[in-house]
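Okay, so here's the structure we're looking at.
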Amino acid sequence: MKNLVILGAGTGGTIMANKLVGPLKSRGWKITVVDRDDNHYYQPGFLLVPFGLYHPEDLVRRRSHLLPRGVEFITQEVEEIKPQSKSIKLVDGRQINYDLLLVATGTHLCPEETPGMLDGWRQNIFEYYSLDGATALIEKLNEFKEGTLVVHINEMPIKCNVSPLEFAFLADWFFRKKGVRENIKIVYVTPISGAFTRPVATRYLGDLQAEKKIEVESFFMTEKVDPVNGKVACYDGREVNFDLLVTIPTNMGAELIKRSGLGDEMNYVPVDKSGFRSEKYSDIFVIGDAAANNWTKAGSVVHFESEILEKIIMAEIDGKKAEAEFDGHANCFIETGFGKAVVIDYNEEVEPLPGKFPLPGLGPMSLLKETRLNHWSKLAFEWVYWHWLLKGRAIPFVPALMSMRGKKDVRQA
Ligand SMILES: Cc1cc2nc3c(=O)[nH]c(=O)nc-3n(C[C@H](O)[C@H](O)[C@H](O)COP(=O)(O)OP(=O)(O)OC[C@H]3O[C@@H](n4cnc5c(N)ncnc54)[C@H](O)[C@@H]3O)c2cc1C
């Protein structure tokens with residue numbers, strides 16, 4: 001029996017196992033999934049934990065319950081991929097052979113990459129990109145009554161690139177609700193030019209930051225952090241003072257990718273022009289955050305990718321030529337506080353534009369506009385994630401490739 005091995009049972013690995021189990025079985029293939037543990041986290045929920053909007057324990061489910069019947073699930077750290085012998089080696093010494101390999105090992109935090117960062121870890125330097133970090137921030141935010149909060153992106157790319165923006169908006173709302181906002185300065189420190197990577201959304205979201213009195217330090221390439229004196233230093237000599245630093249540390253691909261000689265300098269897997277196939281080995285595919293492509297690192301993107309990758313893998317197995325191509329379609333909710341959120345929908349070529357989504361002219365969601373319904377849709381998305389998205393189902397009216405229908409092209413305006 002031929003074997004498709006999937007490394008990582010996070011968003012991408014779970015979706016692909018659910019999608020492929022039936023079609024592969026009928027072709028005499030089996031699927032083996034490996035992850036280091038049995039805890040699947042709903043990562044978008046981490047953002048809301050420090051503000052008391054989600055309870056940490058509600059964000060974890062067992063991977064083994066989310067994977068379909070008929071796949072073999074192994075909980076063990078993967079040590080190395082050995083492309084020459086088409087096998088993987090687990091930390092306990094076991095070896096598993098594959099006919100096709102799908103890498104879905106995501107990205108993780110590397111605070112040790114920045115001098116000084118770990119010296120103030122969980123004292124005056126926090127993160128919320130892990131459940132532990134988000135939980136530790138609950139108490140810290142509750143006791144923070146005055147001073148400077150710096151929301152800091154160490155370097156790009158990071159997964160969910162709008163999340164730090166949401167953190168700053170929610171912090172503004174949280175401190176206002178507590179009546180201490182007047183005593184707190186919020187500074188948003190980013191290596192890019194502003195709130196987003198493209199002009200229309202940067203203007204809109206930049207205006208929101210100004211309205212909420214969030215100061216912005218842009219093009220800030222962090223050199224080091226000094227937790228004792230509360231300073232973040234930029235290579236160009238600028239310094240930003242903080243009392244509390246909430247950072248998104250450097251994100252990197254899995255160490256195993258480096259150990260296997262499959263990664264770039266950030267341990268992401270270089271891919272061919274399809275965006276999915278290893279540049280070096282044609283029997284190794286990559287989905288999601290683990291890939292070194294230009295697509296946004298986000299769960300919504302992983303979901304859209306899965307619809308295309310399913311076609312590519314099935315064509316490979318059937319010995320046919322794959323016609324499907326992905327356009328980097330992404331959509332994201334941006335919480336803005338006070339029970340409102342903004343929705344953006346874009347791809348590699350078309351930046352986020354205003355309009356109605358997903359039904360042209362009808363919505364009910366609004367693009368690049370703060371609404372209550374967008375916020376409720378973000379909260380409802382958690383149910384969609386567990387019960388629909390991870391099962392590998394398409395979301396009604398939201399195709400994998402971006403559509404211009406319902407969008408107002410204001411790019412020339
Ligand atoms: C705070 C936060 C907010 C977010 N908000 C949003 C949002 O609003 N919308 C959105 O679309 N996305 C959001 N995301 C991003 C989204 O969660 C990720 O982009 C998505 O989960 C990536 O899926 P993946 O399959 O590539 O990686 P993951 O889901 O991270 O899975 C990778 C898996 O690989 C496993 N693994 C890695 N190395 C090994 C090894 N050596 N051995 C065994 N197993 C290994 C890990 O244990 C993990 O289970 C957010 C993320 C965070 C942290």
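Counting convention: from 1, in listed order, for ligands and their atoms alike. As the structure is a prediction and not an experimental result, all values here were calculated from the model.
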Exercise. Does any donor atom in the side chain of S260 or E80 lie under 3.5 Å from an acceptor atom in the other side chain?
Worked result: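 Their side chains do not contain a donor-acceptor pair, so the 3.5 Å distance test is not met.
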
May I ask you to check whether [Y] and [X] place their ring centres under 6.0 Å from each other?
X    : Y    : answer
F167 : F51  : yes
Y385 : Y42  : yes
F46  : Y129 : no
H329 : W295 : no

Exercise. With a cut-off of 6.0 Å (strictly less than), are more than 12 heavy atoms of other residues, nucleotides or ligands near CG of N294?
Worked result: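 Not more than 12 within 6.0 Å, no.
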
Exercise. Within a reach of under 6.0 Å around NZ of K177, are more than 12 heavy atoms found that belong to other residues, nucleotides or ligands?
Worked result: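 Yes.
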
For this session: State which residues pass salt bridge (Lys or Arg N to Asp or Glu O under 4.0 Å) with E255; sequence neighbours excluded, sorted by chain then number.
Result: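 In terms of salt bridge (Lys or Arg N to Asp or Glu O under 4.0 Å), with neighbours along the sequence ignored, E255 is linked to no residue.
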
Problem set entry | Subset of ligand 1 atoms that lie under 4.0 Å from at least one heavy atom of L256 |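 Near L256, the atoms of ligand 1 are 40 (C), 41 (N).
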
For this session: Under 4.0 Å from a heavy atom of G288: give me the atoms of ligand 1 that qualify, with their elements.
Result: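 The list of qualifying atoms is 26 (O).
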
Protein residue, atom and distance nearest to [atom], heavy-atom basis:
atom                    : answer
atom 26 (O) of ligand 1 : D289 N, 2.9 Å
atom 17 (O) of ligand 1 : Q43 CB, 3.4 Å
atom 25 (O) of ligand 1 : G12 N, 2.7 Å
atom 34 (O) of ligand 1 : T105 CA, 3.4 Å
atom 6 (C) of ligand 1  : C160 SG, 3.3 Å
atom 27 (O) of ligand 1 : G106 CA, 3.5 Å
atom 39 (C) of ligand 1 : R36 NH2, 3.4 Å
atom 16 (C) of ligand 1 : G299 N, 3.5 Å

For this session: Could you check which of Y41, Y128, Y129, F381 puts a non-hydrogen atom nearest to atom 53 (C) of ligand 1?
Result: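 Result: the heavy atom closest to atom 53 (C) of ligand 1 is in Y129.
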
For this session: May I ask which of I74, I248, D35 has a heavy atom nearer to atom 49 (O) of ligand 1 than the others do?
Result: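 Minimum heavy-atom distance to atom 49 (O) of ligand 1 goes to D35.
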
Exercise. Of the options Y204, Y346, Y188, which is the one that meets F196 in a ring-ring contact (aromatic ring centres under 6.0 Å, His included)?
Worked result: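 Passing option: Y346.
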
Exercise. Taking only residues two or more places apart in sequence or in another chain, which ones pass side-chain hydrogen bond (donor to acceptor under 3.5 Å, both in side chains) with S85?
Worked result: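 Once residues adjacent in sequence are excluded, the partners of S85 under the side-chain hydrogen bond (donor to acceptor under 3.5 Å, both in side chains) criterion are S87.
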
Does the N or O separation between [X] and ligand 1 drop below 3.5 Å for any pair?
X    : value
E77  : yes
R259 : no
L47  : no
V78  : yes
Y385 : no

Location of contacts on [X] toward ligand 1, heavy atoms closer than 4.0 Å:
X    : result
T11  : both
A104 : backbone
K378 : side chain
E255 : neither

For this session: Determine, using heavy atoms of Q76 and all atoms of ligand 1, whether some pair is separated by less than 4.0 Å.
Result: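 Heavy atoms of Q76 do come under 4.0 Å of ligand 1.
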
Exercise. Is the closest heavy atom of R63 to ligand 1 under 4.0 Å?
Worked result: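 Heavy atoms of R63 do come under 4.0 Å of ligand 1.
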
Problem set entry | Sole candidate of I257, V286, T107 that passes side-chain contact (heavy atoms from CB on, under 4.5 Å) when paired with Y268 |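 Considering I257, V286, T107, a side-chain contact (heavy atoms from CB on, under 4.5 Å) with Y268 is found only for T107.
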
For this session: Take the angle between the ring planes of F220 and H152 and call it parallel below 30°, perpendicular above 60°, tilted in between.
Result: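 F220 vs H152 ring planes: perpendicular.
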
Exercise. Within 45° of the six-membered ring axis of F242 and under 6.0 Å from that ring's centre, is NZ or CZ of K231 located there?
Worked result: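 No.
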
Exercise. In a check of side-chain hydrogen bond (donor to acceptor under 3.5 Å, both in side chains) between R63 and each of D37, D38, T75, which one passes?
Worked result: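 Only one of D37, D38, T75 forms a side-chain hydrogen bond (donor to acceptor under 3.5 Å, both in side chains) with R63, namely D37.
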
